[in-house]
There are 4 protein chains.
Amino acid sequence: MGRKQAFTKSELLDQTKKLLIEHGYEGFHLKLLSGNLVGARSTIYQYYANKEEIVAACMKRAMENVLQKASAIGETDCMEALQQLLTVYLEEADFHQLLGDAHKINKANSSAAANDIEFVDQAHTTLKKQLERLFVLAQQEGHLNTSIPLPVVIGVFFNLIDTPNMMNIPTPQWSKLLFQMWLGGAGRR
Amino acid sequence: MGRKQAFTKSELLDQTKKLLIEHGYEGFHLKLLSGNLVGARSTIYQYYANKEEIVAACMKRAMENVLQKASAIGETDCMEALQQLLTVYLEEADFHQLLGDAHKINKANSSAAANDIEFVDQAHTTLKKQLERLFVLAQQEGHLNTSIPLPVVIGVFFNLIDTPNMMNIPTPQWSKLLFQMWLGGAGRR
Amino acid sequence: MGRKQAFTKSELLDQTKKLLIEHGYEGFHLKLLSGNLVGARSTIYQYYANKEEIVAACMKRAMENVLQKASAIGETDCMEALQQLLTVYLEEADFHQLLGDAHKINKANSSAAANDIEFVDQAHTTLKKQLERLFVLAQQEGHLNTSIPLPVVIGVFFNLIDTPNMMNIPTPQWSKLLFQMWLGGAGRR
Amino acid sequence: MGRKQAFTKSELLDQTKKLLIEHGYEGFHLKLLSGNLVGARSTIYQYYANKEEIVAACMKRAMENVLQKASAIGETDCMEALQQLLTVYLEEADFHQLLGDAHKINKANSSAAANDIEFVDQAHTTLKKQLERLFVLAQQEGHLNTSIPLPVVIGVFFNLIDTPNMMNIPTPQWSKLLFQMWLGGAGRR
DNA sequence: CATGAATGAGGGTTCATTCAT
DNA sequence: CATGAATGAACCCTCATTCAT
């Protein structure tokens, strides 16, 4: 019954993600959002009670994606797992920028937003633990250069995600290339 | 003699930089700025005609700093030069984030802002050329792993700047550590 | 046969009255109304063309109630009639507050609303005339203190209706008590 | 320094009071308010942080007026004191309607509003106590008809305030007239 | 020049009302 | 007919910018 929907919740979140990446959290406006959808600004409120909920839901969804893919990775071969993890992160590279703004969301306004952000935070630690687990393993198995502190190794690895892929190399190869550089370095062997 | 000067242009830009880094371009407000200075909000307009000009001037000044330091580096030993360049960039690491927002500035509002951004863009290419020059040299001298495309090597090198220094290692050592990792990799030699 | 009827006109007006008393005219929303009924907000428009018509219809119905009860009162014994009239008014005490908002209704929107309000106004004068008739009679029969202007006597009598019944005395006794106070005063005899 | 003010805080509260009485709490809009002042709507925010604070400040000011006048009344002659108190209340008759909406104010938005409302509540009980004190005294001194429960006597007395003064009798005489009616009743002595 | 005050544009949100199923 | 969804008008509030002292 009723009219058919102007846009789906999923489309809404897609555009939200795009605009958040493009303009940052503070530059994200509902007018902008509705301008990138087919309907009126007020129609957005059929889906979410306020701006905070939209952003939080967007972040949660992005996190769920990553979490699901990451948890599907087998961890028996730690170096292989790290490589796969990097691929996962690269596939959802934008999401990394997104989450940096998670704490800017005013949770007082909406419990739904607060819950979503709570989920994101939890998932964040889950992911971190997985990463640390794999790195410790890699170190124990002697894959890593022991003269570099582990946190630095991890930091650099994680930072690879944001390397701009200016040659538009397909993600799987891009992931391999970055992993190779990270492991072997840019210098002559 | 009239009222005593409220704040200097330099103080204004200092706070602008701080706040831009803290809140991002879209989260930067003149109310915030005047709140971090000693005078009234309206006094800002004695120095700059509008918000865009302030941000543009801030970016220009930051770029001038880097440009000056970078141009002072001798380029005879290319690897040494790269190491020094990385240090320079790390010293002004925040500024790197800043420049990402340069294109968000609405240049239609003010020609002064447009000019400053133009300067920033030019300087950007100057820096890139220096970097490329050094990298080509490094490749020619056989310092680099030839199996990795040069743009990727450069991209990864440049991206090192944003690696979070979570252990708060002093910049000179931090620079050496990152350089070492970039050159030699995280893996066992 | 189609869908089953969502709610009757009478239920709609019942809730409208309740909510008008609870929140006042300006605090009365259709969202609130539909929230207190079984059907959808849009279904309301099957019965009334707009908000104004609903409120006007509600007022008219309340007025009809009072009018009917009031006109059934015999006026041979004027003091007895006044007592009965007070009881009638007290039984519909809330309605008295309601009518104060009658003039706030924007009649330009709907002729139906305008007609209903017109009816209410007419009935209002009818009631007033009845009251005046009885008061004049009471005065002629020497029941009233002649040192007080009749309009004041009437005003105070009418205002009794809004006296808050904080002890929750049943309406018949409450009516007698107020009437007694009005007639005899609060002072020692 | 700076421009001269468009309107004073006091003018703002005057209009607020007028409009609150005219339209009720829910019908009070800042657009309405600015329309009744000389400046723009946004100028209002130079004085108060939000709508709630305005209404709360308005109520507080009205209460302060009454409180001050009421506390200046000598209580040795209780009947005289009651008469004077009635005069005070009549002089600020509108204020009585105002306060009924005090609890509608959303205090979560502003602590300033919360404080003002707290003040109003406290003052309310102060006034009630004064009234009760006087009534108990009046009863003890045998001025009151003992067949009527005191709460009812008080309720009716308090309700006198809202009696519409349709003949526009000056307040002092109006007060005397009402007091006389309340004490002696409308009936023949 | 420095400022406090004024203001309009713009964004968030609600709500009466309309529309298509 | 009953409904869920769509929508524009209207309101609250913030902020860049202008103005008069």
Side-chain angles (χ1 to χ4, degrees), chain A residues 1-7 26-34 37-54 106 109-110, chain B residues 1-7 28-34 38-54 106 109, chain C residues 1-7 28-34 37-54 106 109, chain D residues 1-7 26-34 37-54 106 109:
Chain A
M1 219 158 316
R3 271 202 266 189
K4 85 162 178 280
Q5 288 187 175
F7 46 80
E26 333 256 350
F28 172 75
H29 303 310
L30 293 200
K31 200 179 179 185
L32 207 61
L33 178 54
S34 69
L37 292 168
V38 292
R41 190 154 38 133
S42 56
T43 304
I44 295 171
Y45 290 87
Q46 301 275 352
Y47 298 88
Y48 295 101
N50 51 50
K51 197 181 153 185
E52 279 74 35
E53 282 191 14
I54 297 171
N106 175 12
N109 246 348
S110 148
Chain B
M1 177 188 174
R3 209 79 44 76
K4 111 163 178 288
Q5 190 176 306
F7 44 79
F28 171 75
H29 302 308
L30 292 201
K31 210 180 190 178
L32 207 63
L33 178 55
S34 70
V38 292
R41 182 146 99 253
S42 53
T43 304
I44 295 172
Y45 289 86
Q46 305 284 346
Y47 297 95
Y48 296 101
N50 52 50
K51 200 181 158 186
E52 280 73 35
E53 283 191 14
I54 298 170
N106 176 11
N109 240 347
Chain C
M1 178 187 172
R3 209 79 45 76
K4 112 164 177 287
Q5 190 174 306
F7 44 78
F28 172 75
H29 302 308
L30 293 201
K31 210 180 189 176
L32 208 63
L33 178 55
S34 70
L37 292 169
V38 293
R41 182 144 99 256
S42 52
T43 304
I44 295 172
Y45 290 85
Q46 305 284 348
Y47 297 94
Y48 295 101
N50 52 48
K51 200 180 155 185
E52 280 73 34
E53 284 191 13
I54 297 170
N106 176 9
N109 240 345
Chain D
M1 216 156 319
R3 271 201 265 187
K4 86 161 178 284
Q5 289 187 176
F7 46 81
E26 333 257 349
F28 172 74
H29 302 310
L30 294 201
K31 199 180 180 185
L32 208 61
L33 178 55
S34 70
L37 292 167
V38 293
R41 195 161 21 147
S42 57
T43 304
I44 294 172
Y45 291 88
Q46 301 273 352
Y47 298 88
Y48 294 100
N50 50 51
K51 197 180 152 185
E52 278 74 36
E53 282 192 15
I54 297 172
N106 175 11
N109 245 350

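Chain A is the first sequence line, chain B the second, and so forth, proteins listed ahead of strands; every chain is numbered from 1.
Proximity of D:R41 to the phosphate of E:dG8: no side-chain N or O atom is located under 4.0 Å from OP1 or OP2. Side-chain nitrogen and oxygen atoms of D:T43 include at least one within less than 4.0 Å of the OP1 or OP2 phosphate oxygen of E:dT7. Residue C:H29 places at least one side-chain N or O closer than 4.0 Å to OP1 or OP2 of E:dA16.
Nearer the 5' end of DNA chain E, as judged by each residue's closest nucleotide, is the contact made by D:G2, out of D:G2 and A:K51. Remark on DNA chain F: of its neighbouring residues B:E52 and A:I44, the 5'-side contact belongs to A:I44, judged by nearest-heavy-atom nucleotide. Each of C:A49 and A:L32 was assigned the nucleotide of DNA chain E with the nearest heavy atom; the assignment lying further toward the 5' end belongs to A:L32.
The distance from atom CZ of D:F28 to atom P of F:dA10 is 19 Å, rounded to the nearest whole Å. Atom CD in B:Q46 sits roughly 9 Å away from atom P in E:dT3 (whole-Å rounding). In this structure, D:Q5 atom CD and F:dC19 atom C1' are separated by 15 Å, rounded to whole Å. In this structure, C:N106 places its CG atom 15 Å from C1' of F:dA10, rounding to the nearest Å. F:dT14 atom P lies 9 Å from atom CG of D:N109, rounded to whole Å. Between D:Y45 atom OH and E:dA6 atom P the separation is 15 Å, expressed in whole Å. Taking atom NZ on B:K31 and atom P on F:dC13, their separation rounds to 13 Å, with Å as the unit. Taking atom CD on A:E26 and atom P on E:dG10, their separation rounds to 20 Å, with Å as the unit.
A:E53 CD to A:S110 OG: the interatomic distance, rounded to the nearest 0.5 Å, is 3.5 Å. Between the CZ atom in C:F7 and the CG atom in C:L37 there is a gap of 5.0 Å [rounded to 0.5 Å]. Atom NZ of residue C:K31 and atom CG of residue C:L33 lie 13.5 Å apart, to the nearest 0.5 angstrom.
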> Please walk me through it: do A:S34 and A:I44 pass side-chain contact (heavy atoms from CB on, under 4.5 Å)?
Replying inline: CA-CA 7 Å; A:S34 69; A:I44 295 171; 4.0 Å; yes
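The side chain of D:A40 sits closest to E:dG8 out of E:dG8, E:dA6, F:dA6.
Consecutive Watson-Crick or G-U pairs involving DNA chain F, each under 3.5 Å on both distances, make up stems of three or more pairs at E:2-21 with F:2-21.
For B:Y45, there are no ring pair (Phe, Tyr, Trp, His ring centres under 6.0 Å) partners, not counting sequence neighbours. For the ring pair (Phe, Tyr, Trp, His ring centres under 6.0 Å) test, no residue two or more places apart in sequence or in another chain qualifies with C:F28.
Contact detail for D:L30 and D:K51: the closest heavy-atom pair is CD2-CG, 3.9 Å.
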